[in-house]
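Right, one structure below, let's go through it.
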Amino acid sequence: MTLQVDSELIELRMRIRHSAAHVMADVVKTLFPDAKIGIGPPTDDGFYYDFMVENPFTPEDIQRIENRMRRVIKRNHKFEYREYSRDEINELNSDEPLKLEVISEIPEGEAISTYTHGKFEDLCAGPHVESTGRIPAFKLLNVAGAYWRGDENRPMLQRIYGTAFESQEALDEHLKRLEEARRRDHRVVGRDLDLFSVHDETGPGLIIWHPKGARVRGLVEDLWKREHYRWGYDLVYTPHIGRSNLWETSGHLENFKENMFAAMDMEGQDYYLKPMNCPFHIMYYRNGLRSYRDLPMRIGELGSVYRYERGGTLHGMLRVRGMTQDDAHIFCRPDQIEDEVNGVLDLTFHLLNTFGFKDFSVMLSTRPDKAVGSEEEWEVATNSLRSTLEARGMSYEVEEGGGAFYGPKIDIHIQDAIGRLWQCTTVQFDFNLPRRFGLTYIGADGAEHQPYMVHRALFGSMERFMGVLIEHYGGAFPTWLAPVQATIIPIADRHHEYAEDVRGRLQDAGLRAETDLRNERMGFKIREAQMQKTPYMLIVGDREIDANAVGVRLRSGEDLGAVEVADLVDRIAMEVTPD
């Protein structure tokens, strides 16, 4: 199901948040007169404002700012629009170096405007609510360092984050979601469940998968491979590095070099860590003569790629420098393109539904400023994706200029258990690479023709998808995906042998079980297994041995009492195969 967006509500929230940002800047300038102000936009979840100050803001400062903001809001100052000449606006901001930089970037002939409330005036194009009193509910959340304009070579500023809503009820609901999001943070849960780690010694943005995390990843990959074979894909393995001429031909060195790691000189040749798998899949296609009867050709790979991301953008598993993409490329005839895009969408929703994702938001992204190919080709490609979405009756938004440099794309955002959207799936149309690499097939007419190419990743990357899954489930993976499905807990030492026998029987049935033979109290072991989100805790003592049974407790705390081992195996077996 695709998500419907209330555009009027979104517009109202943006006005409220933009206005709250201005009020916050007003108060900061009042309380900290030497502060220099940067920019303060609204965002999908709230607002922020950047400040240049001598000393970082403290939690006590943030509380003071919030209290003073309430007084400004209560005074109900009107937001008033004004326009200035370039000389006038520069004079007005003569003591604001960050603002002067922003002003210098406004194109000649474009209106330069401000909004004023009370005595505070800020460079701004709007829009705003009518007055400060129309900011019904807000909350300042936290403060963090942020480089000016996102450039690590520029000054470090203080960024104060806040949020605002059209009602106190909506704000309270949002704050509850934020608290739940903090509880589900994949970095914290991943550490507590011993799933993965990142180390300064190995480098930021590079994930070490621990055994339990690797187990979950393996289960996801097994499902991915099984379903791709079933849906007509062939899987390949390709190298992690390639010679520079490969990336020159593909256009990556021209259009993507800032995201590639530096070249490695090997025997007088430059080699690069691959940022994408597509050129290697193209090499496979070129390895033989292709006929129209061979198409569509669907080539998939769980391929590791490496991209340079700025240190400030890295975030656990969600933004990394080394990732394994669940990648595939489809080579097809022009008459097959819409069917193939439809097939990708069908497989996408099938797989995502398996993990419990039911609600989606769809974005169609068009030609960016930095692009290859003619406008006519882009129009044909974009219309192909658009018509596919419309034929399926899917609602979507258009992101102008958001496409890849080689073609337009469809992005699918999934909604998790607490209502957040995550961008995972991308489907990209490409007419450029087949031309650059001289790809052809022999048509029914005996002549050579150029195939079309579809790039697609359904999970995005194994790292990102794992991070999303951890937060979606809060670490409590469904039984089929849990790294450990059952922990057997003997009451006393004399029960160890039976506990090991139960573990063996579960493992023989294909289940993932372990025994806890530590010299600790039973209650402690049960609580620890619950903290590890283990679906089943199996207690064994004298009575259980006599009955050839186990005492079953669920991670929810529910006690099922004594259950015969054979019956328990049947119960768990029903849960271990995803729908």
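Across all non-hydrogen atoms, the minimal contact from Ser197 to His199 is OG-NE2, 2.7 Å. Summarising the geometry of Pro127 relative to Glu11, their closest heavy-atom pair is CG-OE2, 3.7 Å, with the distance given to 0.1 Å. Listed here is the closest heavy atom pair of Arg177 and Ile418: CD-O, 3.3 Å. Of all the heavy atoms in Thr534 and Arg555, the pair that sits closest is O-CB, 3.1 Å.
Between the side chain of Thr132 and the backbone N or O of Asn76 there is at least one donor-acceptor pair closer than 3.5 Å. Side chain of Thr366 to backbone of Gly401: a donor-acceptor contact under 3.5 angstrom is found. The main-chain N or O of Met52 is never found under 3.5 Å from a side-chain atom of Asp50 such that the two would form a donor-acceptor pair. One N or O on the side chain of Asp326 and one on the backbone of Gly460 form a donor-acceptor pair closer than 3.5 Å. Judged by distance alone, the side chain of Arg86 and the main-chain N or O of Ile106 form a donor-acceptor pair under 3.5 Å. No donor-acceptor pair closer than 3.5 Å links the side chain of Thr324 to the backbone N or O of Gly303. No donor-acceptor distance shorter than 3.5 angstrom exists from the side chain of Asp192 to the backbone of Val189, with no hydrogens or angles considered. Between the Lys525 side chain and the Arg518 main chain, a donor and an acceptor come within less than 3.5 Å of each other. Using a distance-only test at 3.5 Å, with no hydrogens or angles considered, no donor-acceptor pair links the side chain of Lys139 to the main chain of Ala164. Remark: the backbone N or O of Val129 is paired with a side-chain donor or acceptor of Ser19 at under 3.5 angstrom.
Residues Ile526 and Ile489 meet the side-chain proximity criterion, which asks for heavy atoms closer than 4.5 Å. The side-chain heavy atoms of Val72 and His117, taken from C-beta on, include a pair separated by under 4.5 Å. Side-chain atoms of Phe357 and His472, non-hydrogen and from C-beta on, do get closer than 4.5 Å to each other. Between Glu66 and Gln63, some side-chain heavy-atom pair lies under the 4.5 Å cut-off. Between Leu351 and Phe459, some side-chain heavy-atom pair lies under the 4.5 Å cut-off. Residues Asn353 and Lys358 have side chains in contact (heavy-atom distance under 4.5 Å, counting atoms from C-beta outward). Side chains of Trp422 and Leu318 form a contact here, defined as non-hydrogen atoms less than 4.5 Å apart. The closest side-chain heavy-atom distance from Leu157 to Tyr147 is not below 4.5 Å.
Within 6.0 Å of CZ on Arg134 lie no more than 12 heavy atoms contributed by other residues, nucleotides or ligands. Within 6.0 Å of CD in Glu54 there are 12 or fewer heavy atoms belonging to other residues, nucleotides or ligands. For Arg420, the CZ atom is densely surrounded, since the number of other residues' heavy atoms within 6.0 Å is greater than 12.
One finds a salt bridge joining Arg182 and Glu179 here, because a Lys/Arg side-chain nitrogen approaches an Asp/Glu carboxylate oxygen to under 4.0 Å. The pair Asp44-Arg13 fails the salt-bridge criterion, with no side-chain N (NZ, NE, NH1 or NH2) lying under 4.0 Å from an Asp/Glu carboxylate O. Under 4.0 Å is where a charged nitrogen must lie from a carboxylate oxygen, and between Lys78 and Glu130 no such pair does. Here Glu105 pairs with Arg149 in a salt bridge; the nearest charged N to carboxylate O distance falls below 4.0 Å. We find that Arg64 and Glu60 are not joined by a salt bridge, their nearest charged nitrogen and carboxylate oxygen being 4.0 Å or further apart. A salt bridge links Glu463 with Arg217; the closest basic N to acidic carboxylate O contact falls under 4.0 Å.
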### Task
Please assess Tyr272 against Phe256 for the test ring pair (Phe, Tyr, Trp, His ring centres under 6.0 Å), listing each intermediate value before the final yes or no.
CA-CA 12 Å; Tyr272 288 87; Phe256 201 72; over 10 Å; no

### Task
Would you check, one step at a time, whether the test side-chain contact (heavy atoms from CB on, under 4.5 Å) holds for Lys29 with Ile37?
CA-CA 8 Å; Lys29 288 291 288 184; Ile37 58 177; 3.8 Å; yes

### Message
Please determine whether ring pair (Phe, Tyr, Trp, His ring centres under 6.0 Å) holds for the pair Phe57 and Phe32, giving the CA-CA distance in whole Å, both sets of side-chain angles, and the decisive distance to 0.1 Å.
### Response
CA-CA 10 Å; Phe57 293 118; Phe32 305 89; 5.2 Å; yes

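A ring-centre distance under 6.0 Å is not found for Phe47 and Phe138.
Ring-plane geometry between Phe477 and Tyr473 is classed as perpendicular, the angle between the planes exceeding 60 degrees on a 0 to 90 degree scale with a lower cut at 30. Between Tyr115 and His22, the ring planes lie perpendicular to each other; the angle is over 60°, past the 30° to 60° tilted range. By the 30° and 60° cut-offs, the orientation of the rings of Phe465 relative to Phe355 is perpendicular. The aromatic rings of His252 and Trp247 sit perpendicular, their planes meeting at an angle over 60°, well past the 30° parallel limit. The aromatic rings of Tyr306 and His240 lie tilted to each other, with the angle between the two planes from 30° to 60°.
None of Thr425, Leu364, Thr426 except one satisfies the side-chain contact (heavy atoms from CB on, under 4.5 Å) rule with Asp411; the exception is Thr426. Checked against Glu471 for a side-chain hydrogen bond (donor to acceptor under 3.5 Å, both in side chains), the options Arg183, His186, Arg184 give a single hit: His186.
Annotation: cation-pi geometry satisfied between Arg17 and Phe165 (NZ/CZ under 6.0 angstrom from ring centroid, within 45° of ring axis).
Judged purely by distance below 3.5 Å, without hydrogens or angles, the side chains of Asp122 and Tyr49 pair a donor atom with an acceptor atom.
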